[in-house]
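Written below as structure tokens is the structure these notes are about.
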Amino acid sequence: MPVLYIAIAVIFIAIIALILSSIRIVPQSKAYVVERLGSYYKTWNTDLHLKIPFIDRIAKIVSLKEQVVDFKPQPVITKDNVTMQIDTVVFFQITDPKLYTYGVESPINAIENLSATTLRNIIGELELDATLTSRDTINAKIRVILDEATDPWGIKVNRVELKNIIPPREIQDAMEKQMKAERERREAILRAEGEKQSRILVAEGHKESKILEAEAEKRSAILHAEAVKEAKIREAEGEAEAILKVQNANANAIKLLNEADAKDAVIKIKALEAFSKAADGQATKIIIPSEIQGLAGLTEGIAETVKK
């Protein structure tokens with residue numbers, strides 16, 4: 001009896017283990033391709049699934065994420081017979097797990113060979129210079145061709161990049177010399193532009209200095225002229241004021257004579273004083289009025305009397 005119990009327990013445990021092993025949980029971004037009795041049955045996506053023991057088989061587990069494959073450099077020949085090495089990077093994604101599983105044997109190897117063949121065909125139509133300067137065009141052409149060719153395999157090619165383009169050593173040396181000459185040429189142009197700009201700035205500074213100097217001289221001349229003008233105005237005003245004062249003094253003298261009711265003799269004496277002032281001048285010829293002549297004789301008589 002104990003042996004029977006043990007056998008039943010072992011069978012029960014085996015059944016439980018078999019049931020548990022038949023339960024499958026498909027994680028995110030994965031797909032299981034299931035075969036039943038050797039033929040494709042269905043594709044399991046993210047969920048809980050039950051596999052029939054000994055009848056169902058998981059043929060392939062497929063990742064639905066975008067994948068990146070870096071292919072080794074491939075020798076290609078340009079239109080002008082230059083052999084170079086080019087390696088490519090392909091970004092692809094599996095869109096149909098069934099086609100990916102049954103469409104082609106070794107899909108990655110198939111993509112690599114197809115990529116190399118396409119690359120040779122495209123580069124064979126281009127010369128070296130065009131190859132080096134047309135990466136974006138080459139990438140786009142390869143992507144379109146690969147995407148169309150891999151569609152029956154359940155693969156979508158999202159992007160293709162030429163990672164390195166390696167020309168022969170002698171061409172690399174020539175390109176380096178050309179790049180060096182181009183850098184030197186640009187440096188010479190920049191140096192010449194800098195010297196030209198420097199000369200222009202010096203000339204502008206000299207011109208500005210001359211303008212400022214001329215403006216200063218002009219301003220100085222204007223100030224000097226204004227000062228001379230102001231001095232002459234003040235001098236003229238002083239002379240006019242002096243004349244005005246003399247005239248006022250004469251007018252006041254006349255006014256005082258009139259107010260004093262001066263006699264003829266006084267007026268003649270005043271005339272004689274004026275005549276004596278005129279005689280002290282530089283004139284060589286003096287005309288003496290008749291009234292003053294008599295007065296002059298009278299003055300001489302008075303002078304002789306005083307002497308005696």
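Please read all numbers here as calculations on a predicted model, not as lab measurements. Computed from heavy atoms alone, side chains included, the values below leave out hydrogens, waters and symmetry copies. Starting from 1, each residue takes its place in the sequence as its number.
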Legend entry - Minimum-distance pair of heavy atoms, taken over all atoms of R36 and I52: NH2-CD1, 3.4 Å

Legend entry - Shortest non-hydrogen contact between K65 and S29, atoms and distance: CE-OG, 3.4 Å

Inset, instruction - Please tell me if the side chains of V34 and R24 come closer than 4.5 Å, counting only heavy atoms from C-beta onward. - result: no

Inset, instruction - Quick one: pull up CE in M84 and CG in L132 and give me the separation to the nearest 0.5 Å. - result: 5.5 Å

Under 3.5 Å donor-acceptor pairs involving side-chain atoms of residues 153-160, not counting sequence neighbours:
unit_1: N158; atom_1: ND2; unit_2: E66; atom_2: OE2; d: 2.9

Inset, instruction - Kindly say whether T117 contributes a backbone atom to a donor-acceptor pair with the side chain of N121 at under 3.5 angstrom? - result: yes

Legend entry - Pairwise side-chain contact, R120 with V76, heavy-atom cut-off 4.5 Å (strictly under): yes

Legend entry - Distance (rounded to the nearest 0.5 Å) between L212 CG and E208 CD: 5.0 Å

Legend entry - Shared hydrophobic cluster, V69 / V89 (ILVMFWY, side-chain heavy atoms < 4.5 Å): no

Legend entry - Side-chain (Q93) to main-chain (L64) donor-acceptor, under 3.5 angstrom: yes

Legend entry - Reported CZ-to-OG distance for the pair R143 and S115, which is rounded to 0.5 angstrom: 13.5 Å

Legend entry - Within one Ile-Leu-Val-Met-Phe-Trp-Tyr cluster: I94 and V104, side-chain cutoff 4.5 Å: yes

Inset, instruction - To the nearest 0.5 angstrom, please state how far the CD1 atom of I23 sits from the CD1 atom of I25. - result: 8.0 Å

Inset, instruction - Tell me, yes or no, whether the heavy-atom count around I77 atom CD1, taken from other residues, nucleotides or ligands under 6.0 Å, exceeds 12. - result: no

Inset, instruction - Measure from the side-chain N and O atoms of D80 to the backbone N and O of L128, and report whether any donor-acceptor pair falls under 3.5 Å. - result: yes

Inset, instruction - Search all heavy atoms of D87 against all heavy atoms of K72 and return the closest pair with its distance. - result: CB-C, 3.9 Å

Inset, instruction - Kindly work out whether a path of hydrophobic side-chain contacts (I/L/V/M/F/W/Y, heavy atoms less than 4.5 Å apart) joins V90 to V62. - result: yes

Legend entry - Plane angle bin for Y102 and Y40 - parallel if under 30°, tilted between 30 and 60°, otherwise perpendicular: perpendicular

Inset, instruction - Verify the cluster assignment for L48 and V26: are they in a single hydrophobic cluster under the rule of side-chain heavy atoms below 4.5 Å apart? - result: no

Legend entry - More than 12 heavy atoms of other groups within 6.0 Å of E105 CD: no

Legend entry - T101 side chain near K98 side chain, heavy-atom distance below 4.5 Å: no

Inset, instruction - For atom CZ of R219, decide whether the heavy atoms of other residues, nucleotides or ligands shown that lie under 6.0 angstrom number more than 12. - result: no

Inset, instruction - Would you indicate whether the side-chain heavy atoms of T43 and D96 approach each other to under 4.5 Å? - result: no

Legend entry - Spacing of E215 atom CD and I222 atom CD1 [to the nearest 0.5 Å]: 8.5 Å

Inset, instruction - Could you tell me whether R234 and E230 have a side-chain N and a carboxylate O separated by less than 4.0 Å? - result: yes

Inset, instruction - Examine V33 and I55 and state if one hydrophobic cluster contains both, with Ile, Leu, Val, Met, Phe, Trp and Tyr joined whenever side-chain heavy atoms are less than 4.5 Å apart. - result: no

Inset, instruction - Test side chain to side chain contact (heavy atoms under 4.5 Å, CB included) on F92 and I108 and set out the steps. - result: CA-CA 10 Å; F92 69 93; I108 303 300; 3.4 Å; yes

Legend entry - Ionic contact status for R191 with E187, cut-off 4.0 Å: yes

Inset, instruction - In plain terms, say whether E182 and R185 are close enough for a salt bridge, that is, a side-chain N and a carboxylate O under 4.0 Å apart. - result: yes

Inset, instruction - Taking the side chain as every heavy atom from C-beta outward, state whether L114 and L146 have any atom pair closer than 4.5 Å. - result: yes

Legend entry - Distance, nearest 0.5 Å, that separates CD of E161 from CG of N139: 4.5 Å

Legend entry - Considering all heavy atoms, the nearest K30-S63 contact: NZ-CB, 4.1 Å

Inset, instruction - Count the heavy atoms of every other residue, nucleotide or ligand shown that sit under 6.0 Å from CD of E148, and state whether that count exceeds 12. - result: no

Legend entry - Full working for side chain to side chain contact (heavy atoms under 4.5 Å, CB included) between R183 and M179: CA-CA 6 Å; R183 287 195 300 269; M179 292 172 62; 3.9 Å; yes

Inset, instruction - Could you tell me whether a side-chain N or O of T46 sits under 3.5 Å from a main-chain N or O of P27, the two making a donor and an acceptor? - result: yes

Inset, instruction - Quick one: do E213 and K210 satisfy side chain to side chain contact (heavy atoms under 4.5 Å, CB included)? Show the steps, please. - result: CA-CA 5 Å; E213 184 178 350; K210 289 292 185 182; 4.2 Å; yes

Inset, instruction - Might you confirm whether atom NZ of K51 has over 12 heavy atoms from other residues, nucleotides or ligands at distances under 6.0 Å? - result: yes

Legend entry - Derivation and outcome, side chain to side chain contact (heavy atoms under 4.5 Å, CB included), residues I142 and L162: CA-CA 10 Å; I142 296 177; L162 300 183; 4.1 Å; yes

Inset, instruction - Report yes if some heavy atom in the side chain of I138 is under 4.5 Å from a heavy atom in the side chain of L126; otherwise report no. - result: yes

Legend entry - S220 (side chain) donor-acceptor with A216 (main chain) under 3.5 angstrom: no

